[in-house]
Structure formats: C-alpha cells, structure tokens
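Atoms within each ligand, like the ligands themselves, are counted from 1 in listed order.
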Amino acid sequence: MRVISDTGEMAASCGNAVRPLGLVPTMGALHEGHLSLVRRAKAENATAAATIFVNPTQFGPGEDLAAYPRDLPRDLDLLAGEGVDLVFTPTQESLYPAGFATWVEVGEIGEKLEGAVRPGHFRGVATVVCKLLSIVRPDRAYFGQKDGQQTAVIKQLTRDLDLGPEIIVCPTIRESDGLALSSRNAYLTPEQRQAAPVVYQALSALESAWKSGTTSVPELRERALEVLRSEPSVEGVDYVAVVDPNGFHELDTALPGAMALTAVRIGGVRLIDNVVLG
Ligand code: AMP
C-alpha cells in the first residue's frame, strides 16, 4: 500500500494505476461503515484507493473540526488490512493553499435540510469531492447511504461538471441495536449511547406505518416524532422529512423509493440517519 500526501504524486500514481480504479473518500477515524465501502471498491476494481482528509471547509464555525476524531496510524493499518493500493493523505495547506478562491455550489439541493441547518456544509463537501475526483480520476467512487443528502449532492455535482466516475451508494452499516455507525458516535457518553438507537427506531416506526398504508408525510412525521419524544435524552430534532431521492424535494405523499431522513440532537451530538421506503 502506498501512502501519498503530495497532490501531484497522487495524480501521477492514479494515472499509472491499473484500471478500473475505485475511490473511497473519507475523513478517517475509520469504522466498519467505511470499510464496507473499501471492500466493495476492492472487489469491483483492479486498483482500490482511499483518501483520508478532515475537510475544514465543510465544518461551520463552532462545529467540531478541532475535536473531530483522528487516528492516522490505526486508519492506515485498517486500510492495509483490506488490501488498499493507494491512500491519499493531503494536508490542509496543499488542498487549500493561500489564494484558494474557487467553490462548487450545487444549488437548491445543498441548501435544504442538512444544508439549512449547516450553511455552507455542502459547498465544502462538493468542493473537496470535486478536487479529490479531479486528482484521482477514478472510474467509480463509493459513498455511504448513511449520508443520504450528501450522495444526492455528489451525484448532482458529478453530472453537472462531467466529472466522469460512476457514483456507487453503499448500504448503511449499523450496530446490532440499529444505531448507524458514525465517527461521531465516539462523542456519546455511555448513557447517550444507550439512547441513540432511538434515531433508527423513529425511522423504523415511520417505515412500518408507511408499509401499513400511511402515505401522508405529516402523519408519517408524527409517528417518528412520537418515538423521538419518548426518549428524554433527545434534546432536539432538526428535521424529519420525506424526499424524492434525486431532487431532494420534500414530499407530502410518500411514494415508493422516497427517502425518510432525520437529524436528532442527543446531548451535544448531532446524529443523522435515513431509510429508503419500499
Ligand atoms: P466520513 O468519513 O464520515 O466522511 O464518511 C466517509 C464515507 O463513509 C461517506 O461516504 C459516508 O457516507 C460513509 N459512511 C459513514 N458511515 C457509514 C455507515 N454507517 N455505513 C455506510 N457508509 C458509511
């Protein structure tokens, strides 16, 4: 496995790599969710590449950039164990040198839900993903369903800017109690960790109401909120929404294939999750 921090060297190594090349972008602090993407990239491509970069431009002021968990030696061991060929570990200064001024705005899709609660978040995501895809030029890039709106943003950006790779969305990996794996779960106290499966329970209640024939989104939302209200550790619910998975337009009636999403605050920790109906 080659670990490369220089942008030019990474571009050259990817240019010379045996094709097809599959890329898994991450912010590190790797867990089984990330590794499921890596395994898929490895299985489907002749060359598997990963990036580890805590992207400062997708964090808002007052968010957890400084505290975000980092453990590069452990991450590299895990990636080596999966047989990854190339790992890109750029510095902040190399991706955002002095004078950096060009941003990727994805329009409406990046301004609602997560984008409304975290202004500028998807601009940062779209910009760094655009840069990483331009450097690596993969044939396929792998992202997790867990970050449902992010996958829609990345598909839009790839299409609009003719970036080329096939975008592959992989299923959400969960703990046995349903909690979606996330690097941010490390912030939860033991009591908050015990309460956290309520997020998936709320989405599951919404999903079973839908399967029983309820298609009205206000009613479905209320089912999820009832479950969330029953857990005293829930300090706030930023949204419960049902959207069409492509345009991310909020729906009044939940059709098959719609995505139900929520963002919930437990203690100071913000947890997001989603399920696809149908
Ligand atoms: P992050 O390091 O949080 O930016 O995540 C890197 C990639 O891993 C993104 O495409 C995420 O959607 C994906 N990912 C994170 N958590 C999970 C999970 N629990 N299951 C599947 N993919 C995940």
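Every atom of ligand 1 with a heavy atom of T172 under 4.0 Å away is listed here by number and element: 20 (N), 21 (C). Atoms of ligand 1 lying under 4.0 Å from any heavy atom of L37, numbered from 1 in the order shown and given with element: 7 (C), 8 (O), 10 (O), 13 (C), 22 (N). Each of the following atoms of ligand 1 lies closer than 4.0 Å to a heavy atom of P25: 6 (C), 7 (C). Listed by atom number, the atoms of ligand 1 under 4.0 Å from T26 heavy atoms are 2 (O), 6 (C). Residue F143 has at least one heavy-atom neighbour below 4.0 Å for each of these atoms of ligand 1: 10 (O). Below 4.0 Å from some heavy atom of L181 lie the following atoms of ligand 1, by number and element: 16 (N), 17 (C), 18 (C), 19 (N).
Residue R137 qualifies as open at atom CZ: its count of foreign heavy atoms under 6.0 Å is 12 or below. By the neighbour-count criterion of 12 heavy atoms within 6.0 Å, atom CD of E108 is sparsely surrounded, having that number or fewer from other residues, nucleotides or ligands.
Protein heavy atom closest to atom 5 (O) of ligand 1, with residue, atom name and distance, is H34 NE2, 3.4 Å. At the shortest separation from atom 22 (N) of ligand 1 among protein heavy atoms lies G144 CA, 3.5 Å. Taking atom 12 (O) of ligand 1 as the reference point, the nearest protein heavy-atom neighbour is D147 OD2, 2.6 Å.
Contact analysis puts H31 in contact with ligand 1, with a non-hydrogen atom separation below 4.0 angstrom.
Taking any N or O of I173, backbone or side chain, at least one lies under 3.5 Å from an N or O belonging to ligand 1.
Neither the backbone nor the side chain of V24 has a heavy atom within less than 4.0 Å of ligand 1. Counting heavy atoms under 4.0 Å from ligand 1, residue P171 touches it through the backbone alone. Contacts of M27 with ligand 1, taken as heavy-atom pairs under 4.0 Å, involve both backbone and side chain.
Classification of the Y96-W103 ring pair by plane angle, with boundaries at 30° and 60°, yields parallel.
Each of Q149, R270, H121 was scored for a side-chain hydrogen bond (donor to acceptor under 3.5 Å, both in side chains) with E114, with one residue passing: R270.
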### Task
Check the pair Y200, D177 against side-chain hydrogen bond (donor to acceptor under 3.5 Å, both in side chains), reporting the backbone distance first and the verdict last.
CA-CA 9 Å; Y200 184 56; D177 59 11; over 6 Å; no
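Judged by distance alone, the side chains of T57 and R123 never bring a donor and an acceptor atom under 3.5 Å apart.
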